[in-house]
**Q** 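Attaching a single structure in structure tokens format; questions to follow.
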Amino acid sequence: MALPAKTEHASETEDFESHRKTVKFVVLKTHEEDRARKADLASFEAVILPHLDAAHNLARWLLRNEQDAQDVVQEAYLRAFKAFDGFHGSNGRAWLLTIVRNTSYTMLRKKQAVDLTTTFDEELHTSGHESVSPATVLEQSENTALIKEAMDELPAEFREILTLRHQEGLSYKEIAEIAQIPPGTVMSRLARARAKLKEYLAAYTSKEM
């Protein structure tokens, strides 16, 4: 009579052991997931966070509004973090700025901005203005306020390319990847942007004289 009781007790013990193993497996799996998330966060911070200033700079020049720039950078970083598993390159800055750029243009379109692009001015493009030195126009300008005022008058695509080239120091190849245009278009657009900026600066200077 004792045998059935022993068998029933053994079954209960096996069930308990099985349940305990399941719980242990779930706990271990949770710990592994936590470690993976922490590793992903650490990697994200190391690769992407150093480019926060560049992201804000691009967004601010594109949107011409500090609050909008902050909102875009925050949204871009959230998008970047969610998509970080798919990032396998070595240029975290270019990858992040691509997201910032796309997010900025989305906001501009929502606000129905009228300055997204500019038409090609053949006379301006071939007049020789494209040879203007960026050092004298942007990098060594003593009048920051004047530069900002002139830059704000440019179409978004010009503000974008001047910022990426002369403030962030990106190569033509990097700019092409970020703006999603051919390298040849980068050079052409940059030349037109420099010429247009010089034109605005000359106009502002003449007003002050």
Side-chain angles (χ1 to χ4, degrees), residues 44-121 134 137-139 141 144-197 199-201:
F44 177 81
E45 291 177 344
V47 175
I48 303 301
L49 280 186
H51 308 302
L52 177 60
D53 288 344
H56 178 262
N57 192 41
L58 177 59
R60 182 167 51 82
W61 279 113
L62 276 174
L63 299 167
R64 297 178 299 184
N65 181 283
E66 178 61 29
Q67 186 58 55
D68 287 346
Q70 292 181 13
D71 292 343
V72 159
V73 170
Q74 182 177 7
E75 182 178 349
Y77 263 86
L78 288 174
R79 290 184 179 184
F81 183 69
K82 291 178 180 179
F84 191 64
D85 286 345
F87 173 67
H88 303 295
S90 58
N91 194 336
R93 179 173 63 163
W95 183 72
L96 173 64
L97 291 181
T98 301
I99 298 175
V100 171
R101 185 248 187 200
N102 292 340
T103 307
S104 296
Y105 272 90
T106 297
M107 177 175 284
L108 286 172
R109 292 188 185 97
K110 285 181 179 179
K111 291 190 172 186
Q112 297 181 336
V114 297
D115 68 334
L116 287 174
T117 60
T118 184
T119 57
F120 184 84
D121 189 332
V137 175
L138 289 174
E139 296 167 355
S141 174
T144 304
L146 180 59
I147 288 293
K148 184 181 185 304
E149 189 174 356
M151 284 274 286
D152 282 347
E153 294 293 332
L154 298 176
E157 64 179 14
F158 283 178
R159 299 196 303 271
E160 169 189 49
I161 204 161
L162 288 171
T163 300
L164 293 175
R165 179 61 178 171
H166 297 306
Q167 294 188 26
E168 298 305 325
L170 298 183
S171 67
Y172 291 145
K173 180 180 179 181
E174 289 174 317
I175 296 173
E177 292 176 356
I178 293 170
Q180 301 163 40
I181 55 178
T185 303
V186 171
M187 291 185 283
S188 173
R189 187 174 297 175
L190 182 60
R192 292 158 58 202
R194 290 172 181 169
K196 201 65 178 176
L197 180 62
E199 180 182 307
Y200 280 122
L201 286 173

**Q** OH/Tyr200 to CG/Asp152 distance, rounded to the nearest 0.5 angstrom?
**A**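 Tyr200 OH to Asp152 CG: 11.0 Å, rounded to 0.5 Å.
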
**Q** Got a second to check how far Ile181's CD1 is from Ile175's CD1, nearest 0.5 Å?
**A** 8.0 Å

**Q** Within a strict 4.5 Å, meaning less than it, do heavy atoms of the Leu97 and Leu170 side chains meet?
**A** yes

**Q** Within the distance-only criterion (no hydrogens, no angle test), does the side chain of Arg93 pair as donor or acceptor with the backbone N or O of His51 below 3.5 angstrom?
**A**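 No: the side chain of Arg93 does not pair with the backbone of His51.
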
**Q** Please assess Met151 against Arg64 for the test side-chain contact (heavy atoms from CB on, under 4.5 Å), listing each intermediate value before the final yes or no.
**A** CA-CA 9 Å; Met151 284 274 286; Arg64 297 178 299 184; over 6 Å; no

**Q** Kindly write out the residues that satisfy side-chain hydrogen bond (donor to acceptor under 3.5 Å, both in side chains) with Asn57, not counting sequence neighbours, or none if the list is empty.
**A**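 Asn57: side-chain hydrogen bond (donor to acceptor under 3.5 Å, both in side chains) contacts with Arg60, Trp61, Gln167, Glu168.
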
**Q** Against Arg101, only a single residue in Leu164, Val72, Leu96, Ile178 fulfils side-chain contact (heavy atoms from CB on, under 4.5 Å); can you say which?
**A** Ile178

**Q** In Å, rounded to the nearest 0.5 Å, how long is the span from CG of Asp53 to CG of Leu58?
**A**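 Asp53 atom CG to Leu58 atom CG measures 12.5 Å (nearest 0.5 Å).
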
**Q** Taking side chain as C-beta onward, heavy atoms only, is Glu157 less than 4.5 Å from Arg192?
**A**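 Contact flag for Glu157/Arg192 side chains = yes.
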
**Q** Roughly how far, to the nearest 0.5 Å, is CD of Gln70 from CG of Asn65?
**A**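 Those atoms lie 9.0 Å apart.
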
**Q** Is there a side-chain contact between Glu45 and Phe81, using heavy atoms and a 4.5 Å cut-off?
**A** no

**Q** Can you list everything that forms a side chain to side chain contact (heavy atoms under 4.5 Å, CB included) with Gln74? Sequence neighbours excluded, please.
**A**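 Counting only residues at least two positions away or on another chain, Gln74 forms no side chain to side chain contact (heavy atoms under 4.5 Å, CB included).
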
**Q** Measure from NZ or CZ of Arg109 to the centre of the six-membered ring of Tyr105, then state whether that distance is under 6.0 Å and the direction lies within 45° of the axis.
**A**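 Verdict for Tyr105: no cation-pi partner in Arg109.
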
**Q** Please answer whether the main-chain N or O of Ala94 pairs with a side-chain N or O of Thr98 as donor and acceptor at a distance below 3.5 Å.
**A**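 Flag set: sc Thr98 to bb Ala94 pair under 3.5 Å.
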
**Q** My understanding is that only residues two or more places apart in sequence, or in another chain, count here; which of them pass ring pair (Phe, Tyr, Trp, His ring centres under 6.0 Å) with Trp95?
**A** Phe87

**Q** Using modelled atom types and a 3.5 Å cut-off, is there a donor and acceptor pairing between side-chain atoms of Glu174 and backbone atoms of Ser171?
**A**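 Yes; judged by distance alone, with no hydrogens or angles, the pair exists.
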
**Q** Would you say the side chain of Arg194 lies within less than 4.5 Å of the side chain of His166, judging by non-hydrogen atoms?
**A**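 The answer is yes, as the side chains (C-beta and beyond) meet within the 4.5 Å cut-off.
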
**Q** So, the side chain of Tyr77 versus the backbone of Ile48: is there a donor-acceptor pair under 3.5 Å, distance only?
**A**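 At least one qualifying donor-acceptor pair exists.
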
**Q** Counting C-beta onward and ignoring hydrogens, is there a side-chain heavy-atom pair between Phe158 and Leu197 closer than 4.5 Å?
**A**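 Not touching, per the 4.5 Å side-chain cut-off.
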
**Q** Assess, by modelled atom type and distance only, whether the side chains of Asn102 and Gln180 contain a donor and an acceptor separated by less than 3.5 Å.
**A** yes

**Q** Between Met107 and Leu62, is any pair of side-chain heavy atoms under 4.5 Å apart?
**A**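 No, every pair of side-chain atoms sits at 4.5 Å or beyond.
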
**Q** Do Arg165 and Tyr172 meet the cation-pi criteria used here (NZ or CZ under 6.0 Å from the six-membered ring centre, within 45° of the axis)?
**A**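 Yes, a cation-pi geometry holds between Arg165 and Tyr172.
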
**Q** Using a 3.5 Å distance criterion without hydrogens, assess whether the side chain of Thr103 forms a donor-acceptor pair with backbone atoms of Ile99.
**A** yes

